[in-house]
Amino acid sequence: GASIPAVRPGRATADYITTTLNRMSVLGSVFLGILAAAPSAVEFFTHLTALRGFAGTSVLILVGVAQDTARK
């Protein structure tokens with residue numbers, strides 16, 4: 001029986017968890033959208049074509065691998 005401090009058990013807890021998950025989903029989606037658009041934005045503003053091969057997905061994978069390597 002775990003509980004969340006300052007939240008009553010039952011419907012209030014369910015509402016709290018739903019709200020928290022929705023906020024996390026929105027923030028995560030915004031972050032991924034920015035990450036996907038970043039290489040194109042950098043190329044547009046700086047006119048550098050060196051970043052053309054790095055799509056948002058590639059950057060996300062590189063960051064994930066770097067974090068995993070740093071943890072080990």
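Everything numeric here is computed off the predicted structure, so don't read it as measured data. By convention here, the first residue in the shown sequence is residue 1.
To the nearest 0.5 Å, atoms CG (Asn22) and CG (Leu27) are separated by 11.0 Å.
Not counting sequence neighbours, the partners of Phe31 by the side chain to side chain contact (heavy atoms under 4.5 Å, CB included) test are Leu35. Applying the side chain to side chain contact (heavy atoms under 4.5 Å, CB included) criterion to Ala12, with sequence neighbours excluded, gives Val7, Arg8.
Here the rule is side chain to side chain contact (heavy atoms under 4.5 Å, CB included) with Val65, and of Val63, Thr69, Asp68 only Thr69 fits it.
Both Tyr16 and Leu21 are part of a single hydrophobic cluster, where members link through side-chain heavy atoms under 4.5 Å apart.
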